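Please read all numbers here as calculations on a predicted model, not as lab measurements.
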Amino acid sequence: MVFKRLLGSLGVGGPTVDTVLDPGAARPGGPLSGRVHLVGGTADHDVEHVALELVARVETEHEEHGDGEGVVVFDRHVVGGSFRLAAGAETSVPFTVALPWETPVTELYGQPLGIVLGVRTELAVTGARDKGDLDQLTVAPLPAQEAVLEALGQLGFGFRSADLEYGRIGGTGQQLPFYQEIELTPPPAYAHQVNEIELTFLAVPGALEVVLEADKRGGPFSAGHDALSRFTVPHEGPSGPQDWNALVDGWIRELVEHRASYGSHAVYGHEAGYGGHEPGHSGGSGSGIGVGTAVLAGAGVIAGGIVAAEVVDEVGDFFENDSDDDSGDDPDDGSAEDFGGDGED
């Protein structure tokens with residue numbers, strides 16, 4: 001891998017930086033490791049710090065500003081610094097950092113879902129700093145996430161799109177300023193009751209919260225409306241044999257029939273213990289606008305048949321645009337100004 005760009009704010013002859021992530025996909029809550037390679041410029045520099053930022057391309061909807069998107073920094077780690085980088089010298093800074101538990105999933109069985117995440121490297125030297133390297137971050141699902149998605153695929157649900165929505169889901173313990181939303185088309189058994197199912201995972205240490213929202217069809221004497229339910233499972237799934245298809249199908253039936261009121265759900269005796277519920281998702285559009293669109297190609301793989309070329313184009317555009325915009329000060333610092341909002345829930 002070549003050094004990707006000269007640090008613009010350090011000028012001609014400044015140091016160059018290249019971050020190389022270890023092979024393989026990371027997982028939510030798991031380690032992300034690699035090395036930051038540095039090459040000194042034409043003069044000595046005192047390196048104040050080397051930092052990594054986790055960034056995501058996020059969509060939003062505002063009444064005044066309409067639909068939009070921006071780059072959100074959702075985690076940051078200082079991995080090195082306070083050393084002198086001699087002219088022409090080469091050095092490497094190894095790192096291992098933990099991903100947030102709510103880090104979105106970008107692929108399933110190696111198939112991209114259309115979610116764009118990156119690792120951006122910041123090198124700060126005395127009197128100047130720049131974010132000069134951006135690498136794609138690939139995140140695979142936790143075992144329980146994979147089991148839920150696999151079950152939905154085998155139950156006949158189709159993958160429509162996936163995106164990241166700026167905002168919060170009311171009544172949950174959500175930590176990040178955005179959430180991942182996976183839109184699914186219903187199988188024939190549910191097609192007369194719902195237009196689509198929206199799925200969100202919110203992981204915490206030791207458990208996975210599954211949020212399901214149904215866009216229910218209206219009847220001759222009633223209007224359509226949204227129904228929302230939440231369930232909790234351990235990360236590794238329940239101990240002993242488990243029919244995930246039956247479990248997930250039970251969730252869908254409860255959601256569609258809307259038997260339970262908004263509130264806590266107990267799964268395997270684990271009380272979710274949520275507070276008050278705000279119906280629907282707040283701060284987002286409530287509907288996916290993701291770039292990867294597909295229908296199940298069979299074999300129970302929910303991401304099967306995804307239009308990979310569209311996903312690759314979106315990923316390429318994200319990194320190309322970020323490189324163009326990152327010279328000097330970076331406006332995409334994860335603040336609400338990136339979207340024209342006030343940052344409040």
Side-chain angles (χ1 to χ4, degrees), residues 24-30 99 101-117 137-165 169 172 178-187 189-190 194 196-204 207-215 228-238 241-256 265 267-268 281 287-288 290-308 311:
R27 294 183 186 270
L99 292 181
W101 282 103
E102 291 180 14
T103 299
V105 174
T106 67
E107 69 168 29
L108 180 65
Y109 302 129
Q111 294 286 331
L113 299 178
I115 300 298
V116 185
L117 303 180
L137 174 59
T138 302
V139 181
L142 295 166
Q145 292 173 325
E146 184 176 302
V148 171
L149 291 169
E150 175 72 15
L152 286 166
Q154 293 196 19
L155 290 170
F157 285 86
F159 176 81
R160 174 173 289 169
S161 66
D163 65 359
L164 303 181
E165 297 282 349
I169 303 177
T172 69
F178 59 85
Y179 55 89
Q180 182 173 15
E181 189 174 78
I182 300 173
E183 288 194 359
L184 308 170
T185 57
Y190 294 109
V194 296
E196 66 180 14
I197 299 289
E198 296 172 352
L199 167 68
T200 295
F201 293 121
L202 296 175
V204 297
L208 173 68
E209 185 177 0
V210 181
V211 182
L212 293 170
E213 184 173 359
D215 178 10
L228 186 144
S229 294
R230 299 189 296 270
F231 308 88
T232 303
V233 292
H235 283 162
E236 301 300 327
Q242 173 64 44
D243 186 344
W244 280 92
N245 286 13
L247 174 67
V248 174
D249 189 52
W251 293 352
I252 298 298
R253 290 181 183 277
E254 177 175 322
L255 174 69
V256 171
H265 292 275
V267 181
Y268 311 118
H281 296 172
S287 61
V291 295
T293 57
V295 176
L296 272 174
V301 181
I302 200 169
I306 198 168
V307 185
V311 176

* Asked: Would you say the side chain of V148 lies within less than 4.5 Å of the side chain of L152, judging by non-hydrogen atoms?
  -> yes
* **Atom pair CG/OH of D249 and Y190 - distance to nearest 0.5 Å** => 4.0 Å
* Check L99 against R27 and note the closest heavy-atom contact, atom names and distance. => CD1-O, 3.6 Å
* To do: Calculate, to the nearest 0.5 Å, the distance between atoms CG and CG belonging to L199 and L255 respectively.
  => 10.5 Å
* Asked: When you measure from the side chain of H235 to the backbone N and O of V204, does any donor-acceptor pair fall under 3.5 Å?
  -> yes
* Structure fact -> For A203 and L142 the tightest heavy-atom approach is CB-CD1, 4.0 Å
* Asked: Are any of the side-chain heavy atoms of T106 and L137 separated by less than 4.5 Å?
  -> no
* To do: Indicate yes or no: at least one non-hydrogen side-chain atom of Y179 is less than 4.5 angstrom from one of L164.
  => no
* Side-chain heavy-atom pair V139, P28 within 4.5 angstrom cut-off -> yes
* Asked: Do the rings of W244 and W251 sit parallel, tilted or perpendicular, given the 30° and 60° boundaries?
  -> perpendicular
* Return the minimal non-hydrogen interatomic distance between A144 and V233, and the atom names on each side. => CB-CG2, 4.1 Å
* Could you give the distance from CZ (R230) to CG (L212), rounded to the nearest 0.5 Å? -> 11.0 Å
* Could you please spell out the steps behind the side-chain contact (heavy atoms from CB on, under 4.5 Å) verdict for F178 and E102? => CA-CA 9 Å; F178 59 85; E102 291 180 14; over 6 Å; no
* Asked: Does some side-chain heavy atom of L247 sit less than 4.5 Å from a side-chain heavy atom of F231?
  -> no
* Taking all heavy atoms of V248 and all of A151, pick out the closest pair and write down the distance. => CG2-CB, 3.7 Å
* Once you round to the nearest 0.5 Å, how far does CD of E181 lie from CD1 of I115? -> 10.0 Å
* Asked: Hey, what do you get for OG1 (T200) to CD (E209), rounding to the nearest 0.5 Å?
  -> 9.5 Å
* Asked: Got P187 and L155 here, is their nearest side-chain heavy-atom distance under 4.5 Å?
  -> no
* Asked: If you look at every heavy atom in P104 and L117, which pair is closest and at what distance?
  -> O-CD1, 3.7 Å
* For the student: nearest non-hydrogen atoms of L108 and P141, plus distance -> CD1-CG, 3.7 Å
* Approximate separation, where rounding is to 0.5 Å, of E213 CD and I169 CD1 -> 8.0 Å
* Heavy-atom donor-acceptor pair, E107 side chain to T138 backbone, under 3.5 Å -> no
* Contact check, side chains of E198 and D215, non-hydrogen atoms, under 4.5 Å -> no
* Side chain to side chain, L149 and F201, heavy atoms closer than 4.5 Å -> yes
